[in-house]
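The structure under discussion appears below in the form of structure tokens.
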Amino acid sequence: MFEQITILGTGLLGASLAMAIKERGISQRTVVWSRSAGTRDRCRQADWCDLVCPEAKDAVAGSDLVVICAPVKAIVPLLNTIATSLEENVLVTDVGSTKQNICLNAEPILKANQTFIGSHPMAGSEQSGMLHAHAKLFESAACILTPTPGVPSEKTTRLHNFWEAMGMITHEMSPQQHDEIVAHISHLPHLLATTLCNSLAKKSPSWATLAGGGLRDTTRIAAGDPVLWQQILSDNRDAVLLALQGFEEELAIIRNILGAEEDCALEDALDTGKSYRDKLRS
């Protein structure tokens with residue numbers, strides 16, 4: 001599909017992407033860069049990349065696809081760093097968990113014949129780093145593309161084809177709609193898991209020894225990297241605040257039902273929750 005792909009950042013997503021590209025034969029050549037010298041050394045020992053560069057601007061030379069796999073606050077500065085080294089007609093995308101600010105600031109950096117389209121593969125994990133990467137990470141997961149007005153349709157189609165070649169199910173929407181949706185289905189759940197853990201942390205430490213699978217399942221995502229999640233939540237602050245408001249209203253309904261001893265209404269609420277959960281893909 002591509003002669004050369006550059007991946008900037010080889011954490012969980014970046015390294016998994018390089019592995020999948022190699023396994024599926026999507027690029028003739030894969031070039032990677034990492035900010036960490038130690039990570040670059042580990043990449044040189046891997047069979048899923050062809051070249052490791054110490055500088056990001058050198059890594060993008062000759063590539064027709066560049067994927068920025070960096071924390072959300074680092075994506076636009078990194079794009080600024082590589083801008084003068086990008087090829088003509090290059091397609092640039094990212095894997096950030098927010099899109100509105102990234103897309104707004106990324107587009108003006110590129111030349112007229114270069115294209116930036118935001119991507120968000122919904123395939124992360126509470127684990128982070130290259131050591132947890134694997135080629136199957138993206139299979140059957142959703143990937144949201146956020147092209148802005150004026151982006152050539154053939155470039156968007158090419159990016160759809162790329163993520164689908166990874167085994168993903170692609171969707172397309174505006175950056176604004178993306179941020180509203182993920183605030184509810186991704187960012188809010190993380191805050192809820194964190195808040196539950198924070199609340200329980202104030203109780204006796206012995207309580208944790210009694211917990212079963214239910215608590216572990218409910219709080220799994222709270223184990224995510226706090227630095228990465230602080231950036232995600234602050235970058236999508238307004239949409240997350242609206243999501244929190246909606247949840248607080250729903251929680252108040254449940255509290256009132258329970259306090260009023262309305263057992264039938266409580267069962268209905270539990271049934272509604274079960275029905276939604278049963279529809280989620282496992």
Side-chain angles (χ1 to χ4, degrees), residues 12 71-73 95-102 118 120-128 140-144 146 169 171 173-282:
L12 174 67
V72 293
K73 296 292 188 182
V95 298
S97 298
T98 63
K99 283 289 160 276
Q100 192 167 353
N101 289 332
I102 291 172
H120 184 187
M122 305 289 287
S125 166
E126 75 279 6
Q127 298 173 322
S128 61
S140 300
C143 184
I144 304 172
T146 60
I169 302 165
H171 306 263
M173 62 190 65
S174 70
Q176 295 86 350
Q177 186 179 13
H178 166 276
D179 285 4
E180 177 188 6
I181 292 173
V182 298
H184 287 78
I185 66 171
S186 176
H187 305 167
L188 175 64
H190 192 93
L191 277 179
L192 299 184
T194 297
T195 302
L196 178 56
C197 287
N198 290 348
S199 175
L200 291 172
K202 298 174 182 177
K203 307 298 182 182
S204 169
S206 65
W207 289 20
T209 65
L210 306 174
L215 183 63
R216 288 192 295 273
D217 291 344
T218 304
T219 60
R220 175 185 60 81
I221 54 177
D225 186 333
V227 174
L228 294 178
W229 273 99
Q230 180 275 324
Q231 292 190 23
I232 292 168
L233 294 167
S234 63
D235 199 55
N236 201 24
R237 189 185 314 273
D238 291 343
V240 172
L241 286 171
L242 287 174
L244 281 168
Q245 180 180 331
F247 179 79
E248 289 167 354
E249 292 169 358
E250 194 66 30
L251 186 62
I253 292 172
I254 295 293
R255 184 190 299 113
N256 292 336
I257 288 173
L258 193 61
E261 300 183 5
E262 298 176 0
D263 291 347
C264 290
L266 180 59
E267 185 176 341
D268 287 343
L270 293 168
D271 185 64
T272 298
K274 182 184 185 311
S275 295
Y276 185 85
R277 178 62 180 85
D278 288 345
K279 294 174 183 176
L280 294 179
R281 290 178 297 140
S282 59

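Hydrogens, waters and symmetry mates are skipped; everything else that's a heavy atom, side chains included, is used.
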Contacts satisfying side-chain hydrogen bond (donor to acceptor under 3.5 Å, both in side chains) that involve residues 201-225 (not counting sequence neighbours) are Glu126-Arg220, Ser204-Ser206

So side-chain hydrogen bond (donor to acceptor under 3.5 Å, both in side chains) across residues 259-270, not counting sequence neighbours, yields none

Working to the nearest 0.5 angstrom, can you tell me the gap between [X] [atom1] and [Y] [atom2]?
X: His178; Y: Thr146; atom1: NE2; atom2: OG1; result: 6.5 Å
X: Lys99; Y: His120; atom1: NZ; atom2: NE2; result: 6.5 Å
X: Glu248; Y: Ile253; atom1: CD; atom2: CD1; result: 12.5 Å

| request: Under the side chain to side chain contact (heavy atoms under 4.5 Å, CB included) rule, what do Ile185 and Met122 come out as? Steps first, then yes or no, please. | output: CA-CA 10 Å; Ile185 66 171; Met122 305 289 287; 4.1 Å; yes

Under the rule for side-chain contact (heavy atoms from CB on, under 4.5 Å), what residues qualify as partners of [X], not counting sequence neighbours?
X: Leu192; result: Leu188, Phe247
X: Gln177; result: Met173, Ser174, Ile181
X: Ile254; result: Ala269
X: Pro71; result: Ala74, Leu228, Gln231

Note: Leu258 and Leu266 closest approach over all heavy atoms is CD1-CD2, 3.7 Å

Here the pair of heavy atoms bringing Ser186 nearest to Trp229 is OG-CH2, 3.8 Å

Take Thr194 and His190 through the side chain to side chain contact (heavy atoms under 4.5 Å, CB included) test and state the conclusion after the steps. CA-CA 6 Å; Thr194 297; His190 192 93; 3.6 Å; yes

Return all side-chain donor-acceptor pairs below 3.5 angstrom for residues 235-244, not counting sequence neighbours, or 'none' if the list is empty.
unit_1	atom_1	unit_2	atom_2	d
Asp235	OD1	Asn101	ND2	3.1
Asp235	OD2	Thr98	OG1	2.6
Asn236	ND2	Asp179	O	3.0
Asn236	ND2	His187	ND1	3.2

Residues pairing under ring-ring contact (aromatic ring centres under 6.0 Å, His included) where one sits in residues 249-277, two or more places apart or in two chains, turn out to be none

Would you please test Ser275 and Asp271 for side chain to side chain contact (heavy atoms under 4.5 Å, CB included) and show each step? CA-CA 6 Å; Ser275 295; Asp271 185 64; 4.2 Å; yes

